[in-house]
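To start, the structure under review is shown below, and the notes come after it.
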Amino acid sequence: MAKVAEQKARLPNLDKYLKGKARRFVTYTDGSRLYSIPFYSFVRLAKEAEANFILRKCAIVDLDIVERFLGEHPEVAARVDKVKEG
């Protein structure tokens, strides 16, 4: 339990940077859970879409850019669906 508290204490408070913004931002971990794909597959997707931003040693991903990218590139969307299926 102490390790988890230490890790959370070290993470930057992203809310103060993102509060009031119209865009949706997530971390790589949250994005991989949201899209139900493995962590590194989501990292690769975010980098392909150029939707990742580094904020104080923490990467965040703009989901609006990712979704637009998937709409414009059906071959990548098919690859993501294939990864989801297993």
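This one's a predicted model, so the numbers in the text were calculated from it and none came from an experiment.
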With hydrophobic residues grouped by side-chain heavy-atom distances under 4.5 Å, do [X] and [Y] end up in a single group?
| X | Y | result |
| --- | --- | --- |
| I65 | V76 | no |
| Y40 | I54 | no |
| V26 | F39 | yes |

For this session: Please list, chain by chain and in numerical order, all residues satisfying side-chain hydrogen bond (donor to acceptor under 3.5 Å, both in side chains) with Y28, sequence neighbours excluded.
Result: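 Scan of Y28 (side-chain hydrogen bond (donor to acceptor under 3.5 Å, both in side chains), adjacent residues dropped) gives N52.
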
Problem set entry | Pairs touching residues 65-86 that satisfy ring-ring contact (aromatic ring centres under 6.0 Å, His included), sequence neighbours left out | F69-H73

Exercise. Can you pull the ring-ring contact (aromatic ring centres under 6.0 Å, His included) pairs that have at least one residue in residues 42-66, sequence neighbours excluded?
Worked result: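 Passing the test, one end in residues 42-66: Y35-F42.
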
Exercise. Do you know which two heavy atoms are closest between D62 and D64, and how far apart they sit?
Worked result: OD1-N, 3.0 Å

For this session: Search all heavy atoms of V66 against all heavy atoms of A51 and return the closest pair with its distance.
Result: CG2-CB, 3.7 Å

Exercise. Which pairs count as side-chain hydrogen bond (donor to acceptor under 3.5 Å, both in side chains) when at least one residue sits in residues 74-86, sequence neighbours excluded?
Worked result: E48-R79

For this session: Can you measure from CG (L70) to CG (L63) and round to the nearest 0.5 angstrom?
Result: 10.0 Å

For this session: Not counting sequence neighbours, which residues clear salt bridge (charged side-chain N to carboxylate O under 4.0 Å, His left out) with E50? List them please.
Result: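 For E50 there are no salt bridge (charged side-chain N to carboxylate O under 4.0 Å, His left out) partners, ignoring immediate neighbours.
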
Exercise. By side chain to side chain contact (heavy atoms under 4.5 Å, CB included), which residues pair with S41, not counting sequence neighbours?
Worked result: I37, P38, R44, V83

For this session: Quick one: do V61 and L45 satisfy side chain to side chain contact (heavy atoms under 4.5 Å, CB included)? Show the steps, please.
Result: CA-CA 10 Å; V61 179; L45 171 63; over 6 Å; no

